[in-house]
Amino acid sequence: MLTILKIFFPLIHQTEPFEGVENLVALGIGILSILLLALSITAYRKTRLQLTIYAIIIFSIFAIQQFIDFLDDILIALDMPITDVIISSLTLAILILFFLVIVRTKIT
Amino acid sequence: MGGCLELVEIEGTAEKLLYFIRDNPGCHLRKIRREMGISMGTVQYQLDKLEKIGKVTSTRRGFYKYYFPVGLFKDNEKDILEVLTHETARKILMFILEQKNPTQTDIVNNVKISARSISWHVGRLIALKIISEIRDGRYKRYQLQEDDAKYILILLRNYYPSIWDKWSMRVVEMFLSLSSSTEME
């Protein structure tokens with residue numbers, strides 16, 4: 001069956017077996033981070049709570065990180081070691097922000 | 001001249017609509033149409049007219065447009081209405097209505113979200129003068145402002161949050177819960 005499919009759809013030969021799943025997961029992360037970003041913006045507009053600014057920044061970084069990762073896959077110019085450093089730095093920034101949310105005490 | 005025009009404008013159907021909105025603040029267009037048995041076109045036309053002459057005000061949330069009599073709350077009208085769409089604030093208000101004057105610990109135990117989150121919501125409700133705080137020994141108790149209790153109850157029934165409102169407030173609550181708690185009674 002797979003052989004027949006490969007004859008009619010030669011692209012199957014060129015595609016990594018998990019590439020489709022990887023793309024779907026990446027798409028899911030992108031959509032969810034944008035949804036959470038929109039929710040945090042709404043939350044800020046409703047409450048004017050400074051804590052929600054952290055949420056906006058965190059979910060923005062998630063979305064940016066996913067966008068850079070996506071560009072890294074499709075643009076050869078971005079396929080450099082520095083791109084991985086940037087992506088890792090963004091993960092670090094997200095964790096630092098979560099840490100700051102946990103340790104801060106003043107809520108305004 | 002303006003007064004005459006106003007009297008003419010709010011006769012008949014418009015007058016009935018105005019009384020209905022006064023009795024049911026925060027009701028939405030479809031509900032008004034359903035309960036008054038008037039065609040959608042007539043309801044929309046008359047409500048637009050009432051809005052133009054400043055008798056009612058409206059606000060859109062998701063798919064619904066909600067109507068209020070002008071001057072329902074004297075100050076911070078928009079803020080009060082905004083707060084009433086917060087799921088947790090509604091739960092707190094319902095609990096206070098039910099228990100009359102619970103302590104903050106009672107509210108935390110009943111609403112079952114973090115003390116920090118409850119404290120923040122209660123603070124907002126006090127600031128907007130929807131509830132007031134009374135000292136009872138070492139406890140703080142909360143009660144609804146007597147004059148507004150009836151309206152708050154009607155608004156809670158009519159003016160409910162959209163799914164988007166609920167979700168956005170859950171983001172706030174998640175971050176409030178993550179943040180360290182410093183104050184309790």
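Convention: sequence-line order gives letters A, B, ...; per-chain numbering from 1.
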Structural part of B:R124 lying under 4.5 Å from a heavy atom of chain A: side chain
Criterion side chain to side chain contact (heavy atoms under 4.5 Å, CB included) on B:E173 and B:H121, from CA distance to verdict: CA-CA 10 Å; B:E173 268 143 31; B:H121 281 290; 2.9 Å; yes
Verdict with reasoning, B:T103 to B:D106, per side chain to side chain contact (heavy atoms under 4.5 Å, CB included): CA-CA 5 Å; B:T103 64; B:D106 295 336; 3.1 Å; yes
Polar contact flag, side-chain donor to acceptor under 3.5 angstrom, A:S88-A:T91: no
B:S58 versus B:E51, side-chain donor and acceptor atoms under 3.5 Å: yes
Heavy-atom contact with chain B under 4.5 Å, split by part of A:T52: side chain
Contact check, side chains of B:W167 and B:I163, non-hydrogen atoms, under 4.5 Å: yes
Side chain, backbone, both or neither of A:I58 within contact of chain B (heavy atoms, under 4.5 Å): side chain
Residue part contacting chain B, namely of A:I56, when any heavy atom lies under 4.5 Å: neither
Part of A:F98 within contact of chain B (heavy atom distance under 4.5 Å): side chain
